[in-house]
Each structure stands twice: as C-alpha cells, then as structure tokens.
Amino acid sequence: MNNNIYIYIFTAAFVSYLIRILPLTFIRKPINNRFIKSFLYYVPYVTLAVMTFPAIIEATQSQISGIIALVTGIILSWFNAKLFPVACACCIVVFISELFLIH
C-alpha cells in the first residue's frame, strides 16, 4: 500500500501535466471555429455546476432541505437578487426546514 501511493501521485501529476501541455503543443494557431470557441467558453461554467449542484443537495442533513434551499436560491436569482441575500436566504431556509423535518 505504501509503494502504491507514489504511483498514484505520479499518475495524477502526469495526467494533470498532460491536460495542460497538450493543448499548448498541438494548437498553435488561434481558434476560429465558432462551435469550439463556444464550447471552450462554457466548459468552466458546466464544470462548476456539475461540482456545485450535488454538493448543495448533499451538504445538509436531509436531501429535502437541500432541494428546498436550491429551489429558493433559483427563484431568488430569477428575480435578480444579489449573491449575498440569496446565500443568506438559502441558509435560513435550510435551518428552518431542518428544524421541522428532522426530529
């Protein structure tokens, strides 16, 4: 087990290095394709969403309170609320819903 950890660390470092270096070596010209440009533009947002949404639901004691807070945040954001009030409202909703849902 002790020797395997170095293999894991080396593999993770190598893969991370390849992901950063391969585009620099193969793509020398500016990207003109609209589809590829739009794809690369939205990759960070999709990655953030994929990591954030499951964490929102699973961060609370019950998934129901996480879903209620997520819906509350979406509704408040839809009505152009700022980030801090949305975060505070979601925290309050989780607190209140967990008071009543979990005994």
Side-chain angles (χ1 to χ4, degrees):
M1 177 73 181
N2 218 4
N3 293 334
N4 289 342
I5 193 116
Y6 296 116
I7 295 171
Y8 299 148
I9 291 172
F10 175 75
T11 305
F14 182 70
V15 169
S16 180
Y17 180 75
L18 279 180
I19 290 172
R20 288 169 175 79
I21 293 301
L22 284 179
L24 291 174
T25 57
F26 289 130
I27 302 172
R28 301 231 182 231
K29 297 184 288 185
I31 299 171
N32 294 325
N33 189 334
R34 282 181 42 196
F35 177 76
I36 294 175
K37 279 180 137 178
S38 66
F39 175 78
L40 292 174
Y41 178 79
Y42 287 111
V43 165
Y45 299 111
V46 171
T47 306
L48 182 64
V50 166
M51 291 187 305
T52 303
F53 287 123
I56 290 171
I57 295 171
E58 295 175 1
T60 59
Q61 290 182 1
S62 71
Q63 290 183 346
I64 296 170
S65 60
I67 292 170
I68 294 170
L70 177 63
V71 170
T72 302
I74 290 171
I75 291 171
L76 290 174
S77 298
W78 184 265
F79 290 109
N80 294 326
K82 302 284 185 194
L83 178 64
F84 186 71
V86 170
C88 290
C90 290
C91 289
I92 291 169
V93 165
V94 167
F95 180 73
I96 292 172
S97 65
E98 287 190 354
L99 274 178
F100 293 113
L101 291 175
I102 298 174
H103 300 285

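Source: prediction; values computed, not measured.
The two atoms that bring Val86 and Gly73 nearest to each other are CG1-CA, 3.8 Å, heavy atoms only. Contact detail for Glu58 and Gln63: the closest heavy-atom pair is CG-NE2, 4.2 Å.
Two different hydrophobic clusters hold Phe100 and Val94 under the rule that ILVMFWY side chains link at heavy-atom gaps under 4.5 Å. Cluster membership for Ile74 and Ile56, using ILVMFWY side-chain heavy atoms within less than 4.5 angstrom, is shared. Tracing side-chain contacts under 4.5 Å through hydrophobic residues (I, L, V, M, F, W, Y), one reaches Ile36 starting from Val43; they form part of the same cluster. Both Leu101 and Val93 sit in one connected hydrophobic cluster of ILVMFWY residues. Membership requires side-chain heavy atoms under 4.5 Å apart, directly or through other members.
Listed by chain and residue number, nothing satisfies the side chain to side chain donor-acceptor pair (under 3.5 Å) test with Thr25 (two or more places apart in sequence, or in another chain). Applying the ring pair (Phe, Tyr, Trp, His ring centres under 6.0 Å) criterion to Phe84, with sequence neighbours excluded, gives no partner residue. In this structure Thr60 satisfies the side chain to side chain donor-acceptor pair (under 3.5 Å) test together with Ser65, sequence neighbours excluded. The side chain to side chain donor-acceptor pair (under 3.5 Å) check on Arg34 picks up nothing, with sequence neighbours excluded.
Atom OG of Ser97 sits about 11.5 Å away from atom CD1 of Ile92, to the nearest 0.5 Å. To the nearest 0.5 angstrom, Leu76 atom CG is 11.0 Å from Cys88 atom SG. With values rounded to the nearest 0.5 angstrom, Ile96 atom CD1 is found 11.5 Å from Cys91 atom SG. Rounding to the nearest 0.5 Å gives a distance of 10.0 Å between CD1 of Ile75 and CG of Leu70. In this structure, the separation between CG on Leu40 and CZ on Phe35 is 9.5 Å, given to the nearest 0.5 Å.
Members clustered with Val50: Val46, by chain and number, using a 4.5 Å side-chain heavy-atom cutoff among hydrophobic residues.
Within a 6.0 Å radius of CG in Leu83, no more than 12 heavy atoms belonging to other residues, nucleotides or ligands are found.
Residue pairs meeting the ring pair (Phe, Tyr, Trp, His ring centres under 6.0 Å) criterion with at least one partner in residues 43-81, sequence neighbours excluded, are Tyr41-Tyr45.
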